[in-house]
Amino acid sequence: MEQEAAMVVFSCNSGSDGSSSTTDSKQEEEEEELAAMEEDELIHVVQAAELRLPSSTTATRPSSRYKGVVPQPNGRWGAQIYERHARVWLGTFPDEEAAARAYDVAALRFRGRDAVTNRAPAAEGASAGELAFLAAHSKAEVVDMLRKHTYDDELQQGLRRGSRAQPTPRWAREPLFEKAVTPSDVGKLNRLVVPKQQAERHFPFPLRRHSSDAAGKGVLLNFEDGDGKVWRFRYSYWNSSQSYVLTKGWSRFVREKGLRPGDTVAFSRSAAAWGTEKHLLIDCKKMERNNLPTVDDDARVVVKLFGVDIAGDKTR
């Protein structure tokens with residue numbers, strides 16, 4: 001039928017009284033229009049297949065009644081917010097209400113209590129504890145929680161510990177293991193290799209027993225640092241190198257803590273006597289770097305190793 005329609009169009013054009021150039025131009029426009037119609041029909045068929053509905057009965061899905069919520073071809077709902085004219089994607093959700101909730105959370109963090117949201121006023125549905133929790137986390141951290149659908153769990157954890165959580169005291173920390181970071185651990189690879197024996201003994205997810213896909217994707221682990229701030233790292237098992245690693249979020253931790261090769265990362269967990277559910281902790285110990293060249297009164301270079309001048313004064 002499409003070929004016949006094209007032949008009919010060509011026949012009508014060839015029989016016109018206009019010039020050859022006008023005919024060719026009109027023919028090209030009609031061919032482009034026909035191609036666009038075919039492309040729209042193809043998109044329609046693909047969307048119908050994704051929704052598992054016959055194309056003849058598929059109607060265009062209406063837009064959401066919520067601000068910041070957009071329908072998705074697979075039947076789910078997406079949430080988005082704009083920051084400085086750039087779209088920030090907040091993730092996909094099973095229903096409109098969940099997507100609207102995600103937008104409202106982001107709007108409160110991005111624009112404050114006066115933000116225009118799906119609740120009026122904006123902060124009506126947010127407790128003082130939630131507002132303090134949002135203020136204690138960066139925009140990137142809040143977006144990451146929303147995309148991974150961990151916001152509600154982390155909010156509840158934060159509310160239990162207080163909006164401005166006090167760090168777990170030293171006496172309530174049970175040491176697990178330590179590792180001196182290597183150049184690759186603090187380099188551009190954005191990963192910390194966790195010693196295999198320690199990972200399998202102390203971390204709660206035996207990833208190697210999962211399927212290869214699940215192990216590669218990993219799980220999110222929360223670690224509290226010495227200041228009470230919670231860091232989220234992706235914990236994965238890499239089959240290619242047969243190693244356990246902390247990845248997503250690690251480079252930001254390295255930058256903020258100023259980690260350098262030779263520094264030590266110490267892992268621990270909260271003691272049962274602390275009175276809250278157990279959680280993982282992370283701390284840093286900086287390597288002493290005071291063995292640098294100095295200059296004495298005679299402008300002689302002195303190089304010390306373990307307190308001994310190994311350069312010596314060869315003139316004496």
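In this text the structure is predicted, and so the values were computed from the model without any measurement.
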In one Ile/Leu/Val/Met/Phe/Trp/Tyr side-chain cluster, 4.5 Å: Leu155, Leu90: yes

Side chain to side chain, Cys284 and Leu259, heavy atoms closer than 4.5 Å: yes

Joint cluster assignment, Phe133 & Tyr103, ILVMFWY side-chain distance < 4.5 Å: yes

Heavy-atom side-chain contact between Val245 and Leu192 under 4.5 Å: no

Pair Arg260-Met287, side-chain contact (heavy atoms from CB on, under 4.5 Å): steps then yes or no: CA-CA 9 Å; Arg260 297 167 60 184; Met287 181 180 70; over 6 Å; no

Separation of Gln72 CD from Ser64 OG (nearest 0.5 Å): 11.0 Å

Stepwise salt bridge (Lys or Arg N to Asp or Glu O under 4.0 Å) check, Arg170 with Asp283: CA-CA 11 Å; Arg170 293 291 177 184; Asp283 209 346; 2.7 Å; yes

Ser268 side chain to Arg173 backbone, donor-acceptor under 3.5 Å: no

Cluster link Phe177 to Trp250, ILVMFWY, side chain under 4.5 Å: yes

Taking every non-hydrogen atom, the tightest pair across Ala79 and Ala99: CB-O, 3.5 Å

Contact check, side chains of Val193 and Lys179, non-hydrogen atoms, under 4.5 Å: yes

Derivation of the side-chain contact (heavy atoms from CB on, under 4.5 Å) call for Arg191 and Ser184: CA-CA 8 Å; Arg191 63 100 178 96; Ser184 62; 3.4 Å; yes

Ionic contact status for Lys67 with Asp104, cut-off 4.0 Å: no

Any side-chain donor near an acceptor of the partner, Glu178 and Thr264, under 3.5 Å: no

Distance in Å, His202 NE2 paired with Gln197 CD, rounded so as to fall on 0.5 Å steps: 8.0 Å

4.5 Å side-chain heavy-atom contact, Leu280 and Leu176: yes

Centroid-centroid under 6.0 Å between Phe223 and Phe253 rings: no

Six-ring centre of Trp231, Lys229 cation under 6.0 angstrom, axis tolerance 45°: yes

Student check: side-chain heavy atoms of Val70 and Gln80 closer than 4.5 Å: yes

Test item: Arg76 side-chain N/O and Thr92 main-chain N/O as donor-acceptor pair under 3.5 Å: yes

Criterion side-chain contact (heavy atoms from CB on, under 4.5 Å) on Asp263 and Lys257, from CA distance to verdict: CA-CA 10 Å; Asp263 294 340; Lys257 300 299 183 181; over 6 Å; no

Least distance between heavy atoms, Ala107 atom then Ala115 atom: O-CB, 3.5 Å

Reported OH-to-NE2 distance for the pair Tyr151 and His137, which is rounded to 0.5 angstrom: 9.5 Å

Gap separating the NZ atom of Lys196 from the OG atom of Ser243, nearest 0.5 angstrom: 10.0 Å

From Arg101, Arg113, Arg109, residue fulfilling salt bridge (charged side-chain N to carboxylate O under 4.0 Å, His left out) relative to Glu130: Arg101

Pair Glu83 + Arg111, salt bridge at N-O below 4.0 Å: no

Sidechain-backbone polar pair: Arg147 side chain, Trp89 backbone, donor-acceptor under 3.5 Å: yes

Validation row: Glu224, His279 side chains within 4.5 angstrom (heavy atoms): yes

Nearest-0.5 Å distance, CG of residue Asn222 to CD1 of residue Ile282: 12.0 Å

Same apolar cluster: Tyr235 and Val254, side chain cutoff 4.5 Å: yes

Asn190 (side chain) donor-acceptor with Ser251 (main chain) under 3.5 angstrom: yes

N/O donor-acceptor pair under 3.5 Å between Asp95 side chain and Ala98 backbone: yes

Verify same cluster id: Val194, Leu221 (apolar side-chain graph, 4.5 Å): yes

Any side-chain heavy-atom pair of Pro261 and Val186 under 4.5 Å: yes

Arg119 side chain near Leu108 side chain, heavy-atom distance below 4.5 Å: yes

Between CE on residue Met145 and CG on residue Leu134, distance to nearest 0.5 Å: 8.0 Å

Identified side-chain contact (heavy atoms from CB on, under 4.5 Å) partner of Glu154 from the options Arg232, Glu141, Lys148: Arg232

For the student: nearest non-hydrogen atoms of Ala102 and Leu146, plus distance: O-CD1, 3.6 Å

Residue pair Phe93, Trp77: steps toward the ring pair (Phe, Tyr, Trp, His ring centres under 6.0 Å) verdict: CA-CA 5 Å; Phe93 303 87; Trp77 296 87; over 10 Å; no

Residue list, side-chain hydrogen bond (donor to acceptor under 3.5 Å, both in side chains) with Ser240, at least two apart or on another chain: none

Axial cation check for Phe110 ring with Lys139, 6.0 Å and 45° limits: yes

Passing candidate, ring pair (Phe, Tyr, Trp, His ring centres under 6.0 Å) with Tyr244, options Phe203, Trp238, Tyr237: Tyr237

